[in-house]
Amino acid sequence: MQEATFLILTALADGSQHGYGIITEVAQISAGRVRLRAGTLYTALDRLRADGLVAVDGEEVVEGRLRRYYRLTPEGTAVLAAEAARLQANAAAALARLRPGLAGGLA
Amino acid sequence: MSEQVQAGTARLERGYRRVLACYPRSFRAENADEVLAVLLAAAAAGQARVGWAEGWDLVRGGVRMRLWPAASRPRAVRAAVTLMLAGAAAELAALITVVVTSGAVRAAVAAQHPATGNGVLVHQVAVLAGAPLAIGMWLWLAWANGQGEDWARMISAACFCLLTLSGLGALSQHAATYAPASMIAAATVWAIGLSSVVLIFTPAAGRYYRPQLAQQ
């Protein structure tokens, strides 16, 4: 899974968001490192919707502009949980192997 | 909002709409207003033009959606479309090679076999004229097969037969004169053609293609 996709799913994990909301959430989650652009966001959303991981959760018009809200489907929640567990296991393995080296560096 | 800012926003909106034209019509019908709202919300204060980076990001998204639509396309068709794009890239690489080396090749042939100098020029002109046609054909077939057009499958198969026959014809006449590099290039293109045609005629891909009778 690409990082942008992972972060979009993460942004939706605790509730539905509209497009611009996802962009600001992703910036926050990644501590400002990932600034999603609209083209990337909507290409990813289009695919996530087709794969059934994300669904539309209503629309509203704010100041004459259309806002569409997105939410995770149960399948999307399961995929995100599996990917997060995989990343965590990889990170734990990397840190465990680095520890002797880090200790040596400190000595 | 001052009039100047309003005029800037209107201009920016027109700019974004122009760039959004590279997205598929069905996507625009459903999402253009929504994407536009996000673009305007993310725009810098006073911005009146589409920036290079965001413009590039939008164009890339649009091209991607057109070439690899998310709508459930069988894996075999997706692979065939990617192979056809690779075919176009291979033809382009061959074209660039011929253009870059044309002078040197003509000089070398003229030095070694003065009598055949014109034949080389004719061959090079044929490549220059034929390659853009072949590139266009690969791109067009990639697009049409991706759309699930049944006639695209038939034309792809016909093109592959032509490619095979012309390759065999060329081999039987002047097999000895071909350089290993051009043999490898031709074999690569042929293998790409073969794999993509096999893929679009697999049963999994077959269900994706619309039968032409359905139009009536």
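Side chains included, hydrogens not; waters and symmetry mates left out as well; all remaining heavy atoms used. Order of the sequence lines fixes the chain letters, A, B, ..., with proteins taken first and strands second; residue numbering starts at 1 for each chain.
- Across all their heavy atoms, A:Gly39 and B:Asp57 have their closest contact at N-OD2, 2.8 Å.
- Contact tally against chain B (heavy-atom pairs below 4.5 Å) for A:Leu48, A:Leu45, A:Thr40: the top residue is A:Thr40.
- Contact detail for B:Val35 and A:Ala38: the closest heavy-atom pair is CG1-CB, 4.4 Å.
- With values rounded to the nearest 0.5 angstrom, B:Glu34 atom CD is found 15.0 Å from A:Tyr20 atom OH.
- Of the atoms belonging to A:Arg49, it is side-chain heavy atoms, and not backbone ones, that fall under 4.5 Å from chain B.
- Taking CG from B:Asp33 and CZ from A:Arg65, the interatomic distance works out to 8.5 Å, rounded to the nearest 0.5 Å.
- Contact check on A:Arg37 versus B:Glu54 returns no salt bridge, with no Lys/Arg side-chain nitrogen under 4.0 Å from an Asp/Glu carboxylate oxygen.
- Applying the 6.0 Å contact sphere to CZ of B:Arg66 captures more than 12 heavy atoms from other residues, nucleotides or ligands.
- The candidate with the highest count of non-hydrogen atom pairs below 4.5 Å against chain A, out of B:Leu39, B:Asn31, B:Leu36, is B:Asn31.
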- Any chance you could lay out the side chain to side chain contact (heavy atoms under 4.5 Å, CB included) test for B:Val38 and A:Tyr42, step after step, and finish with the verdict? CA-CA 10 Å; B:Val38 170; A:Tyr42 281 94; 3.3 Å; yes
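- Within a 6.0 Å sphere centred on CD of A:Gln2, other residues, nucleotides and ligands contribute 12 heavy atoms or fewer.
- The shortest heavy-atom contact between B:Met65 and A:Thr43 is CE-CA, 3.6 Å.
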